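Step one of this worksheet: look at the structure below.
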Amino acid sequence: MALVTLKELLRDAERNRYAVGMFNTLNLEMVKGVIRAAEELRSPVIIAVAEVHAPFNPLSLIGPVMVRAAKEARVPVAVHLDHGLTEGAIREALSLGFTSVMYDGSTSAYEDNIRSTRQVVEWAGASGASVEAELGHVGGGEAGTEEEEHAEAFYTDVEQAGDFVSRTGCDALAVAIGTVHGVYRSQPRLDIKRLQDIRERAQLPIVLHGGSGLSEADFRACITNGVGKINICTDMFIGMMSRIKAVADTGSINYTEVITATEAAVAEVVKGKMQLFGSQNRA
């Protein structure tokens with residue numbers, strides 16, 4: 001249907017009170033699996049790759065694949081750089097035609113985060129792309145590591161939210177309210193009151209990182225209180241590895257079966273999330 005910006009997708013999600021899933025796609029099979037799920041359910045979607053994934057598939061190679069897949073899709077697709085950390089990666093993504101970039105200044109001092117985010121907004125604006133920023137710090141790691149301890153010390157400061165958004169001009173705000181990247185070692189306890197307060201001050205779509213492993217009740221509470229974008233990665237890894245193991249257990253040495261299983265596993269996980277987020281039949 002169209003390659004669209006994050007801002008466009010989140011505008012409709014906010015209006016109709018659902019969330020759009022962002023799915024990290026490290027290879028062709030993952031890209032195809034996500035798009036397949038989105039088309040089957042008529043759902044808008046965000047395909048992404050994080051800067052830390054570059055060792056597995058350089059942005060210069062996977063980026064054009066993602067952009068082309070989005071352009072050829074029968075549903076609205078935003079192509080997003082997840083957790084951009086360096087100027088080089090952010091500028092490269094924009095030059096490749098990504099319609100959204102995330103600048104992750106969450107470990108920087110507050111004023112430094114504002115200054116750098118504002119610069120990214122200027123770069124993205126020249127390309128017509130959207131910008132997601134992060135205030136507070138979501139623990140764990142994009143490569144699938146376990147949660148960090150003492151996460152509450154890194155929660156988003158409610159009092160800073162409005163100031164941060166107004167001074168940076170970002171289009172979406174990633175927050176830390178109790179989620180982590182990777183695998184949860186214990187049941188997460190989300191600070192929904194903090195989320196409500198942040199949304200009230202920020203007055204723009206909120207992004208939830210660390211969505212893999214949350215309960216249906218968690219997702220519903222977050223979407224009800226302003227989350228418009230939910231990031232998923234680990235659940236896809238788990239689904240893929242389960243399918244690949246099943247192929248291996250048959251004794252097959254046909255690699256094409258692994259390719260097929262990978263795409264199918266991704267599509268299955270993604271469809272489940274889209275139904276949970278309420279984005280089906282919104283395209």
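What you are looking at is a predicted structure, and each value in this text was computed from that prediction instead of being measured.
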Residues two or more places apart in sequence or in another chain: which of them pass side-chain hydrogen bond (donor to acceptor under 3.5 Å, both in side chains) with Asp249? Lys245
Which residues pass the salt bridge (charged side-chain N to carboxylate O under 4.0 Å, His left out) test with Arg68, not counting sequence neighbours? Glu72
Pairs touching residues 258-278 that satisfy ring-ring contact (aromatic ring centres under 6.0 Å, His included), sequence neighbours left out: Phe219-Phe277
Side-chain donor/acceptor of Arg194 to backbone N/O of Thr156, under 3.5 Å: yes
Residues that Glu268 engages under salt bridge (charged side-chain N to carboxylate O under 4.0 Å, His left out), provided they are two or more places apart: Arg243
Checking Thr5 now: which residues fulfil side chain to side chain contact (heavy atoms under 4.5 Å, CB included) with it, not counting sequence neighbours? Lys7, Glu8, Thr99, Ser130
Applying ring-ring contact (aromatic ring centres under 6.0 Å, His included), which residue pairs with at least one partner in residues 60-82 are found, sequence neighbours left out? none
Who passes side-chain hydrogen bond (donor to acceptor under 3.5 Å, both in side chains) against Thr117, sequence neighbours left out? Asn113
Holding to side-chain hydrogen bond (donor to acceptor under 3.5 Å, both in side chains), I want the full list of residues that pass it with Asp157, two or more places apart in sequence or in another chain. none
Residues which pass salt bridge (charged side-chain N to carboxylate O under 4.0 Å, His left out) with Arg17, listed by chain and number, not counting sequence neighbours: none
With sequence neighbours excluded, give me every salt bridge (charged side-chain N to carboxylate O under 4.0 Å, His left out) pair touching residues 89-106. Glu87-Arg91
Under 3.5 Å donor-acceptor pairs involving side-chain atoms of residues 256-266, not counting sequence neighbours:
{"residue": "Thr256", "atom": "OG1", "partner": "Asn254", "partner atom": "OD1", "Å": "2.5"}
{"residue": "Thr256", "atom": "OG1", "partner": "Asn254", "partner atom": "ND2", "Å": "3.3"}
{"residue": "Glu257", "atom": "OE1", "partner": "Ser252", "partner atom": "OG", "Å": "3.2"}
{"residue": "Glu257", "atom": "OE2", "partner": "Ser252", "partner atom": "OG", "Å": "3.4"}
{"residue": "Thr260", "atom": "OG1", "partner": "Thr256", "partner atom": "O", "Å": "3.0"}
{"residue": "Thr262", "atom": "OG1", "partner": "Val258", "partner atom": "O", "Å": "2.8"}

Sequence neighbours excluded, every pair satisfying ring-ring contact (aromatic ring centres under 6.0 Å, His included) that has a member inside residues 14-50: none
